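Starting off with a structure, shown below.
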2 protein chains.
Amino acid sequence: MPNEQENGLLYFPKATLDRLKLYQMVLAELPDKENISSDEIAERLKITPEQVRKDISYIKYNGKPKVGYHIKTLLEELNRLFGTTNKNNVILAGVGHLGAAIANYPGFSAYGMEIVALFDSDPQKQGTFVRDLTVLPIKDLRRIIKRFKVEIGIICVPKESAQSLAEQMVACGIRAIWNFAPIILRVPDDIVVEDENISISLLGLKHKLEQRRQERQIVKNTPS
Amino acid sequence: MPNEQENGLLYFPKATLDRLKLYQMVLAELPDKENISSDEIAERLKITPEQVRKDISYIKYNGKPKVGYHIKTLLEELNRLFGTTNKNNVILAGVGHLGAAIANYPGFSAYGMEIVALFDSDPQKQGTFVRDLTVLPIKDLRRIIKRFKVEIGIICVPKESAQSLAEQMVACGIRAIWNFAPIILRVPDDIVVEDENISISLLGLKHKLEQRRQERQIVKNTPS
DNA sequence: TAGATTGTTAATCGATTAACAATC
DNA sequence: TAGATTGTTAATCGATTAACAATC
């Protein structure tokens with residue numbers, strides 16, 4: 001293993017790790033194909049096949065010359081790496097449009113995520129059902145987290161209340177936060193935070209369009 | 001300007017660009033502070049102040065020694081860079097839970113995005129209202145895109161229909177796609193695609209948790 | 001066997017960090 | 001002025017690419 005550290009853990013360059021997520025997605029999308037070549041993965045993601053091979057060389061799996069990668073096996077290895085088969089009990093707070101959408105997201109169980117409770121500070125929403133779950137008041141947070149050994153909290157509240165909610169979750173024993181509110185949360189270092197920040201994504205979209213616009217202007221102003 | 005290219009466009013390292021988005025967010029969050037130091041920005045994002053200064057040095061804005069960066073001015077410069085003040089007419093297809101949530105997202109107008117029409121292939125949904133907009137059938141796509149000079153299409157349909165929808169949007173003249181479906185779209189090179197992929201984000205979350213788990217195991221198995 | 005495709009090593013390129021100069 | 005903070009240059013580090021060896 002070329003990338004093993006002293007403690008036995010594997011090291012992955014951050015960029016490699018991000019691409020491995022994309023490979024997982026590409027492979028999971030594929031119908032019932034047996035094998036796939038680095039060329040085909042690369043083509044779908046608009047990167048080079050060398051890059052794909054280099055990245056895959058970091059995990060303990062080997063493709064076959066002339067055949068490519070065995071999709072099922074490689075996918076299993078990627079899933080082991082990401083820990084997708086581990087089970088987690090999850091809570092979600094903020095049952096607005098976005099919260100309801102996330103709560104109804106069908107893909108969760110494939111990743112071992114089970115939502116065990118929903119929370120909202122709005123008394124009007126408390127007691128109502130979303131899917132098969134009653135919306136609970138925030139004061140029940142601690143009880144539920146203890147009872148279901150909840151590790152992950154999903155934050156879908158407006159950005160004004162996100163920081164305070166995060167602190168309450170942490171105080172109640174949550175280990176990881178999946179944050180959909182468009183702010184930077186401040187939490188202790190040992191708490192895992194994954195941001196799904198629509199505003200950041202929007203900045204990326206706007207910037208790409210702005211770049212295209214500027215490129216067009218240059219073409220227009222360049223005498224041919 | 002140290003990073004100017006021959007064509008006059010500025011070049012930014014990709015990593016720098018991603019962090020500039022975070023700076024935009026941090027500054028936009030701030031109450032009515034006048035100035036902010038590289039130290040404070042760095043502290044909030046858990047990076048180094050040197051990195052912050054280096055990144056900001058790429059844009060044509062200068063901070064003041066002993067004072068820091070003037071928030072309002074820097075924010076304006078970042079917004080110019082990202083093109084957030086440009087106006088775009090936008091359509092959204094797929095008015096399920098997620099689509100409705102996106103359509104109701106309050107932050108769009110601040111980024112110059114105006115949703116001018118909603119689409120869904122489900123006849124049951126066609127004719128119903130979401131916000132102040134009627135849901136239209138897909139066959140109206142071309143007409144609306146032409147009429148409103150729509151540049152951006154938001155895809156919120158299930159992943160099975162996302163590729164075909166993307167192709168229709170492209171055929172009707174869309175220049176950019178904001179894709180919320182968890183698949184890799186295949187579109188021509190001149191089409192801008194920004195993915196907001198919840199599954200990828202979920203992989204990131206699971207992986208960070210898996211890493212923590214492994215680290216804990218090592219600590220446990222290391223004789224002290 | 002020849003050919004196709006993977007895997008690895010070395011070279012290049014790019015990004016981060018460190019050191020320090022500039023300046024308010 | 002002294003001190004704090006920004007800005008820049010050079011050194012280091014890390015990631016990508018190119019070349020080619022390995023192998024089915």
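What you are looking at is a predicted structure, and each value in this text was computed from that prediction instead of being measured. Throughout, a chain's letter reflects where its sequence line sits, starting with A, and its residues are numbered from 1.
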**Study point:** Parallel, tilted or perpendicular: ring planes of A/Y61 versus A/Y69, cut at 30 and 60 degrees
**Key:**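 Tilted.
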Check your understanding: Looking at residues at least two apart in the chain, or sitting in another chain, which of them share a ring pair (Phe, Tyr, Trp, His ring centres under 6.0 Å) with A/F119?
Key ->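 A/F119: no ring pair (Phe, Tyr, Trp, His ring centres under 6.0 Å) contacts found.
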Which atoms of nucleotides 3-6 of chain C (N or O only) lie under 3.5 Å from a protein N or O atom, and what are those distances?
| unit_1 | atom_1 | unit_2 | atom_2 | d |
| --- | --- | --- | --- | --- |
| C/dT5 | O4' | A/K66 | N | 3.2 |
| C/dT6 | OP1 | A/S38 | N | 2.9 |
| C/dT6 | OP2 | A/S38 | OG | 2.6 |

Review point. Can you name the side chain to side chain contact (heavy atoms under 4.5 Å, CB included) partners of B/S109, sequence neighbours left out?
Key: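 Testing B/S109 for side chain to side chain contact (heavy atoms under 4.5 Å, CB included), a comparison that skips the adjacent residues, returns none.
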Revision key, fill the gap. Where DNA chain D forms runs of at least three Watson-Crick or G-U pairs (i with j, i+1 with j-1, under 3.5 Å), the stems are C:3-24 with D:3-24
Do any side-chain atoms of residues 163-174 of chain B form donor-acceptor pairs under 3.5 angstrom with protein atoms, and if so which ones, sequence neighbours left out?
| unit_1 | atom_1 | unit_2 | atom_2 | d |
| --- | --- | --- | --- | --- |
| B/Q163 | OE1 | B/R186 | N | 3.0 |
| B/Q163 | NE2 | B/E167 | OE2 | 2.6 |
| B/Q163 | NE2 | B/R186 | O | 3.0 |
| B/S164 | OG | B/Q168 | NE2 | 3.4 |

Point to revise | Atom-to-atom span, CD1 of A/I59 to C1' of C/dG7 - whole angstrom | key: 13 Å
Review point. In chain order, what residues pass the side chain to side chain donor-acceptor pair (under 3.5 Å) check against B/Q214, with sequence neighbours excluded?
Key: B/E210
Any N/O pairs under 3.5 Å between the protein and nucleotides 10-17 of chain D? List them or say none.
| unit_1 | atom_1 | unit_2 | atom_2 | d |
| --- | --- | --- | --- | --- |
| D/dA15 | OP1 | A/Y11 | OH | 3.1 |
| D/dT16 | OP1 | A/R19 | NH1 | 3.0 |
| D/dT16 | OP2 | A/R19 | NH2 | 2.9 |
| D/dT17 | OP2 | A/Q51 | OE1 | 3.4 |

Point to revise | Which residues share a side chain to side chain contact (heavy atoms under 4.5 Å, CB included) with A/T48, sequence neighbours left out | key: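 A/E50, A/Q51.
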Revision key, fill the gap. Hits for side chain to side chain donor-acceptor pair (under 3.5 Å) against A/N197, two or more places apart or cross-chain, chain-then-number order -> none
Practice item. Please list, chain by chain and in numerical order, all residues satisfying ring pair (Phe, Tyr, Trp, His ring centres under 6.0 Å) with A/F148, sequence neighbours excluded. Key: none
**Study point:** Sequence-distant partners of A/H70, ring pair (Phe, Tyr, Trp, His ring centres under 6.0 Å), two or more places apart
**Key:** none
Review point. Got a sec, which residues hit ring pair (Phe, Tyr, Trp, His ring centres under 6.0 Å) with A/F108, two or more places apart in sequence or on another chain?
Key: A/Y105, A/W178
Review point. Given atom NE2 of B/H70 and atom C1' of C/dC24, what is their separation to the nearest angstrom?
Key: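 Computing the B/H70:NE2 to C/dC24:C1' distance gives 16 Å.
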